[in-house]
Amino acid sequence: MASLPAADSPAADRSDATGFDTLIINGRIIDPANRRDEIGAVGVTDGSISYVGPVPDQPRSRSRSVIEADGLVVAPGFIDMHSHAQTVNGARLQALDGVTTALELESGALPVADFYRWAEETGRPINYGYSASWSSARMHLLDDAPVISPLTDPGFRLGLSMFSKYQNGRRWRGPADAREQAAILDQLRGQVADGAIGIGVLQGYVPDSTIQEQHRLAELAAEVDQPLFVHSRSMAAVGPGSALDAVAELIDSSERFAAPIHLCHMNSTSGRLADVIAEELATAQQRGVRLTTEAYPYHAGSTVIGAAFIDPDQLGRQGMTPRSVIYLATGERVADERRLRELRATDPGGLCVLETFDLTDPRQLALLLSAVTYPDAAIASDAMPMTYAGPAEEHQAAVSALIEDVWPIPDGMIAHPRSAGCFAQALSWVVRDLGALDLTEVIRRSTIVPATILERAAPALARKGRLSIGADADLTIFDPETVGPGGDYQQLAPSVGFRHVIVGGVAVVSDGELRAEALPGRPIRGSAG
Ligand SMILES: [Zn+2]
């Protein structure tokens, strides 16, 4: 795709021309891609950025809509590479967190064509896209799990559905022989041809898959020139088989096959080895290995309680105990090993929170920050599907409301707070409270960094993450003094401080309020789709 003209080229000067569809004035424009940080105006015409510069000298009435942004930051819309919250309501919560594009790349979808069609038919407030799901292909081919389309089965519309439902399958976590590997690869190749953005590889949930299979995946990634988005094999702090070994395996396979590999949530999988892993990654990147990464700024992770790495025998190797696990359906902190084994057997797909770091220990905070501040790590939320934790008699009604995307979200819904507040948490905790990154850097890691990681695999991203003339008019306008998370681990709630969120020129959030009828989100597909 041809590069876009710079924002201050003559084409940018619309000040004498007719008005704009939307004109945003007097805001602090922060556009790291174009090294812009100044008070001015942004004009939007036909869904694209048509002006960036000084506030134009023309009557306000000439533009259809004028947003007064005094005291607010005007930034490109945030691009979230890692969102499992792929429902209308999941996307609405993310829009209220400044996100204009949310992609499900780590776990992925199967079949991607049906997920794209379902999202197009029902509409989305923000842009969306999927990778091909390696774990689902394994569940299907090794455990005969049926591939269920969201078009026909409402039970498969809540994100991670297939993953949760077939979690305790007999064979999918184990090794596959050469013939089975070939079948898995064929299925994934077909998904990429259908428009998947790369391949989601939940290796940490399939710890007994072989290194040979990882090599075949890397070969395929190089062949189709699409990344692997990997949850690495191990979180253990001690070796052999430590988190460092897991990253070394990815570096090696990337280097061996010249395969693009994106290491998901460096913060949660690096654990107590985060500083060592940061060094290892930096050395590999200096050699030109095609590795990228991301992080979210929380001390705790979230996943299904049946995950391989929550096995009581594994937790200790990661510096955790059963009490590090909070089971979301009841809100209980798991008392002991016996209770943990019971929950893993009875509800393996149930969601939980896993406390990776103890923030009262300065050494552990430093480890978390070594991942969050790692050079060019994108901020990516790992937003989770919601689960219901209210009174049992209201369970069915709440779940139906979720499936039907009733807004506002019913009471009693819970999810890791990153699902609604990751970007607000970065702007408040990392920038204002800790001063670990500055405002511009957090915006950069939320916009042009993910766009650059992805634009070769998904060319639509070359028009996002920047306020260049002709770029898509995805914009996030927020108050840098008050922006922050609205909820926490006990209560799911939208972020505060995001005043206006615009997707393809259409306001999804206006004066801090979600416009529930606005569904301007567009599909983002891989380069083969
Ligand atoms: Zn993950």
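Indexing begins at 1, ligand by ligand and atom by atom, following the structure's order.
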With a 6.0 Å cut-off on the ring centroids, do Tyr489 and His299 count as close?
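Aromatic pair counts; centres sit under 6.0 Å.
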
For Arg117, I'd like to know if atom CZ has over 12 heavy atoms of other residues, nucleotides or ligands within 6.0 Å.
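No.
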
How about [X]: does one of its N, O or S atoms come closer than 2.8 Å to the Zn ion (ligand 1)?
| X | answer |
| --- | --- |
| His82 | no |
| His231 | yes |
| Asp382 | no |

Listed partners of Phe309 passing ring pair (Phe, Tyr, Trp, His ring centres under 6.0 Å), at least two apart
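Phe309 satisfies ring pair (Phe, Tyr, Trp, His ring centres under 6.0 Å) with Tyr205, His231 only.
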
Start with the C-alpha gap between Ile326 and Glu355, add the side-chain angles, then the distance that decides, and say whether side-chain contact (heavy atoms from CB on, under 4.5 Å) holds.
CA-CA 8 Å; Ile326 298 161; Glu355 291 181 347; 3.8 Å; yes

Can you name the N/O/S atom of Glu106 that is nearest the Zn ion (ligand 1)?
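The Glu106 atom nearest to the Zn ion (ligand 1), restricting to N, O or S, is OE2.
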
